[in-house]
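See structure below.
For this chain, numbers begin at 1 and follow the sequence in order.
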Amino acid sequence: MTVRGVDVSSYQSATYSTKGLDFAFIKATEGTSYINPRMTAQAAHARRNGLVTGFYHFLRPGDMKAQARYFVDQACSVEGDPLFADWEDSRVSCAQKDQFLAEVRRLRGATHRVGLYCNQDYWLRRDTSGDAGDALWIADYVTAGRPRIKARWLFHQHTDRPLDTNVADFPDRAALRAWATKAAAPPSKPSPPAATYTVRSGDTLSGIAARYGTTVAKLAAANHIANPDRIYAGQTLKIVK
């Protein structure tokens with residue numbers, strides 16, 4: 001993949017290298033009391049160098065709607081900048097993450113893409129809804145562009161050296177910008193091959209369907225499930241598209 005980017009926070013310089021980059025995602029806020037003191041300068045640096053610029057909010061326990069409002073009010077975003085929830089705090093539930101995404105979409109969804117950042121473990125073991133908004137930004141430190149998930153993703157953070165580095169599933173910067181500004185849908189991607197999934201405690205068929213980009217009806221039919229509300233831990237499901 002040739003579309004590359006970084007994500008930065010107050011730990012990085014306001015004049016980070018942009019050589020060979022197409023996008024930069026910048027930490028804006030955390031909870032309802034923290035603003036990245038370098039956000040404005042880091043964003044201006046990205047824009048001066050022609051990068052697609054986005055912002056993220058680090059979720060903390062508390063009022064998700066209040067955090068969403070704080071994020072959109074404090075981020076120095078302009079129309080067309082992607083906005084992300086950064087889900088890393090184990091005290092924040094999947095339901096709270098979803099509530100935050102929903103509120104940001106309500107507040108800014110008409111003019112911004114709204115997505116989710118999380119690592120592979122959170123996506124596979126903590127997420128139960130499959131809700132990543134407009135874009136899943138997945139952290140998994142493996143070969144760039146090959147995160148170990150089956151869900152549709154658009155951004156892959158594949159290393160943190162020398163700083164958090166990402167690739168995006170777009171053919172070029174123009175396509176990424178068109179998506180960000182809602183001038184185009186995300187590029188199509190072939191469906192993954194047939195797979196199986198072992199049900200874990202707390203799983204729902206609807207959540208599994210969302211995670212794999214399929215439907216409850218298709219999963220139920222393929223696995224001869226008469227009642228979609230009744231699956232059990234340890235059950236092996238055939239995943240079909």
Quick one, [X] and [Y] - any side-chain contact, counting heavy atoms below 4.5 Å?
X	Y	value
F155	F23	yes
I225	L205	yes
Q67	D63	no
W179	F170	yes
W123	I138	yes
T204	T128	no
Q157	Y117	yes
L237	V199	yes

**Item:** All side-chain hydrogen bond (donor to acceptor under 3.5 Å, both in side chains) counterparts of N223, not counting sequence neighbours
**Value:**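 Residues passing side-chain hydrogen bond (donor to acceptor under 3.5 Å, both in side chains) with N223: none at all.
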**Item:** Common cluster, L107/L59, ILVMFWY with side-chain heavy-atom separation under 4.5 Å
**Value:**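 Yes; L59 is reachable from L107 via cluster members.
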From [X] [atom1] over to [Y] [atom2], what is the distance, rounded to the nearest 0.5 angstrom?
X	Y	atom1	atom2	result
R106	R108	CZ	CZ	10.0 Å
L154	D134	CG	CG	9.0 Å
T165	D160	OG1	CG	8.0 Å
L176	R4	CG	CZ	13.5 Å
K150	I239	NZ	CD1	9.0 Å
S10	I26	OG	CD1	12.5 Å

**Message:** What verdict does the side chain to side chain contact (heavy atoms under 4.5 Å, CB included) test give for K97 and L116, after you've listed the backbone C-alpha separation in whole Å, the side-chain angles of each residue and the deciding distance to 0.1 Å?
**Reply:** CA-CA 9 Å; K97 172 267 292 183; L116 171 69; 3.8 Å; yes
Partner residues of [X] under the ring-ring contact (aromatic ring centres under 6.0 Å, His included) criterion, sequence neighbours left out:
X	answer
F71	H57
F55	none
F58	none

Nearest heavy atoms of [X] and [Y], plus distance in Å:
X	Y	answer
A151	L136	CB-CD2, 4.4 Å
A144	V167	CB-CG1, 4.0 Å
H156	G145	ND1-N, 2.9 Å
Y56	S9	OH-CB, 3.8 Å
V92	P61	CG2-N, 3.6 Å
S129	D98	OG-OD2, 2.7 Å

Do any N or O atoms from the side chain of [X] and from the backbone of [Y] form a donor-acceptor pair under 3.5 angstrom?
X	Y	answer
Y16	H45	no
T53	A24	no
T143	R146	no

**Item:** Pair Y141, Q120: side-chain N/O donor-acceptor within cut-off below 3.5 Å
**Value:**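 The answer is no; no qualifying pair exists.
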**Message:** Side chains of N166 and D7: any donor to acceptor distance under 3.5 Å?
**Reply:**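 The criterion, which ignores hydrogens and geometry beyond distance, is satisfied for N166 and D7.
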Taking only residues two or more places apart in sequence, or in another chain, which ones meet [X] in a salt bridge (charged side-chain N to carboxylate O under 4.0 Å, His left out)?
X	answer
D164	none
D131	R105
R173	D22
R126	none

**Request:** Write out all pairs satisfying ring-ring contact (aromatic ring centres under 6.0 Å, His included) with one or both partners inside residues 218-241, taking only residues at least two apart or from two chains.
**Result:**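 Not a single pair qualifies under ring-ring contact (aromatic ring centres under 6.0 Å, His included).
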**Prompt:** Who passes side chain to side chain contact (heavy atoms under 4.5 Å, CB included) against Q99, sequence neighbours left out?
**Reply:**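 So Q99 forms a side chain to side chain contact (heavy atoms under 4.5 Å, CB included) with M64, K65.
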**Item:** side chain to side chain contact (heavy atoms under 4.5 Å, CB included) partners for T40, two or more places apart
**Value:**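 For T40, the residues satisfying side chain to side chain contact (heavy atoms under 4.5 Å, CB included) (neighbours in sequence not counted) are C76.
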**Request:** Take the angle between the ring planes of F25 and F84 and call it parallel below 30°, perpendicular above 60°, tilted in between.
**Result:**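 Tilted, since the angle between the ring planes falls between 30° and 60°.
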**Where at least one partner belongs to residues 77-89, residue pairs that pass side-chain hydrogen bond (donor to acceptor under 3.5 Å, both in side chains), sequence neighbours excluded** =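 Listed by first then second residue: R47-D81, R60-D89, D89-R91.
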**Message:** Does N36 form a side chain to side chain contact (heavy atoms under 4.5 Å, CB included) with Q42? I'd like the steps, not just the answer.
**Reply:** CA-CA 10 Å; N36 173 11; Q42 288 170 334; 3.0 Å; yes
**Message:** Please evaluate residues M39 and K27 with respect to the criterion side chain to side chain contact (heavy atoms under 4.5 Å, CB included), reporting the C-alpha separation (whole Å), side-chain torsions for both, the decisive distance (0.1 Å), and the verdict.
**Reply:** CA-CA 7 Å; M39 170 183 59; K27 181 173 183 177; over 6 Å; no
**Prompt:** Going through the checks in order, is the salt bridge (Lys or Arg N to Asp or Glu O under 4.0 Å) test met by R152 and D169?
**Reply:** CA-CA 10 Å; R152 179 78 172 92; D169 192 16; 3.2 Å; yes
**Prompt:** Step by step, would you call D121 with R125 a salt bridge (Lys or Arg N to Asp or Glu O under 4.0 Å)?
**Reply:** CA-CA 6 Å; D121 179 72; R125 296 178 176 84; 3.4 Å; yes
